[in-house]
Amino acid sequence: MKKGVNSLKIRVFTDSRIAVAYAAAIVEHVVEAEHHPTLSLATGETPSALYAQLVEFHRRGLSFTDVTTVNLDEYVGLPKTHAQSYHQYMQEHFFQWIDISKDRIFIPNGYVNNLQNECERYDRILQQHPIDLQILGIGINGHIGFNEPGTAFKPTTHIVGLSEETIRSNARFFNSLNDVPKQAITMGLQPIMQSKQILLMAFGEQKAQAVHLALEGDVQTHVPASILQIHPNVTFILDEAVAKACKLNL
Ligand code: F6R
């Protein structure tokens with residue numbers, strides 16, 4: 001068993017398909033083992049295959065009726081029905097295919113007049129639903145959720161101006177760079193760090209720099225994912241492409 005920094009675990013798989021199957025098996029275990037589990041979910045390219053795998057597990061009998069989900073983030077200014085909203089993403093990739101009850105699904109709403117009230121509302125939800133398993137991707141700049149680099153670590157739900165790197169990177173999901181929202185609402189680092197268990201998935205060499213700094217650099221606000229080094233139960237699930245490119249000392 002390879003151990004990384006402190007008790008942080010690193011699992012490297014030949015390709016992301018196998019890595020995703022590994023992550024999905026852990027999700028299944030938590031869903032089955034906990035009485036009323038709360039999963040905290042990410043969106044974007046990385047976890048989409050995980051949701052497909054979990055839908056497959058559901059077809060083979062895994063039930064989500066006792067599961068509560070909270071999502072990490074949402075764009076500001078996109079209605080829930082917008083094709084690129086994270087509400088829509090979650091419906092398309094996961095929720096419409098499983099037996100989760102609608103009233104157990106929580107996603108911050110970035111399409112409200114009073115964003116501060118929404119942050120406070122979401123924090124109350126998070127307090128009521130401590131996270132059993134947190135699924136994370138990582139931005140090429142080291143962000144987790146939309147906790148962007150450079151500012152102080154923020155514990156609670158907040159509005160964030162997306163960095164230029166994030167806007168450029170997420171432009172792949174929009175018709176043009178101009179269409180990418182400039183702000184998001186994101187869970188803060190406290191509920192993430194208080195999760196019982198965290199899985200961070202990163203695939204492809206474009207994530208190498210971020211993964212390298214998160215694992216082997218100091219814990220620093222310039223690399224929000226580096227804070228995971230001090231969590232007691234976190235696993236980095238990587239493919240060989242990212243592990244080789246960041247020359248992980250495994
Ligand atoms: C999205 C989120 C982000 C993404 C990250 C990587 O809910 O939390 O932190 O995980 O931007 O995105 P992809 O997987 O598209 O490279």
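In listed order, ligands and their atoms are each counted from 1. Note that the coordinates shown come from a computational prediction; the quantities given were computed from them, not determined experimentally.
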Going by the rule salt bridge (Lys or Arg N to Asp or Glu O under 4.0 Å), which residues pair with [X] if we only count those two or more places apart in sequence or in a different chain?
X      : value
Glu148 : none
Glu164 : Arg168
Glu240 : Lys244

Salt bridge flag under 4.0 Å for residues Glu74 and Lys80 | no
Taking the six-membered ring where the residue is Trp, are the ring centres of Phe94 and Phe64 under 6.0 Å apart?
-> yes
Would you confirm whether the ring centroid of Phe173 sits within less than 6.0 angstrom of the ring centroid of Tyr75?
-> no
Polar pairs, ligand 1 vs protein, N/O only, below 3.5 Å.
{"residue": "ligand 1", "atom": "7 (O)", "partner": "Thr43", "partner atom": "N", "Å": "2.9"}
{"residue": "ligand 1", "atom": "7 (O)", "partner": "Thr43", "partner atom": "OG1", "Å": "2.7"}
{"residue": "ligand 1", "atom": "7 (O)", "partner": "Asp73", "partner atom": "OD1", "Å": "2.7"}
{"residue": "ligand 1", "atom": "7 (O)", "partner": "Asp73", "partner atom": "OD2", "Å": "3.3"}
{"residue": "ligand 1", "atom": "8 (O)", "partner": "Asp73", "partner atom": "OD2", "Å": "3.1"}
{"residue": "ligand 1", "atom": "9 (O)", "partner": "His143", "partner atom": "NE2", "Å": "3.4"}
{"residue": "ligand 1", "atom": "9 (O)", "partner": "Gly145", "partner atom": "N", "Å": "3.4"}
{"residue": "ligand 1", "atom": "9 (O)", "partner": "Gly145", "partner atom": "O", "Å": "2.7"}
{"residue": "ligand 1", "atom": "11 (O)", "partner": "His143", "partner atom": "NE2", "Å": "2.6"}
{"residue": "ligand 1", "atom": "14 (O)", "partner": "Glu45", "partner atom": "N", "Å": "3.3"}
{"residue": "ligand 1", "atom": "14 (O)", "partner": "Thr46", "partner atom": "N", "Å": "2.8"}
{"residue": "ligand 1", "atom": "14 (O)", "partner": "Thr46", "partner atom": "OG1", "Å": "2.4"}
{"residue": "ligand 1", "atom": "15 (O)", "partner": "Glu45", "partner atom": "N", "Å": "2.8"}
{"residue": "ligand 1", "atom": "15 (O)", "partner": "Arg172", "partner atom": "NH2", "Å": "2.8"}
{"residue": "ligand 1", "atom": "16 (O)", "partner": "Arg172", "partner atom": "NH2", "Å": "3.2"}
{"residue": "ligand 1", "atom": "16 (O)", "partner": "Lys207", "partner atom": "NZ", "Å": "2.7"}

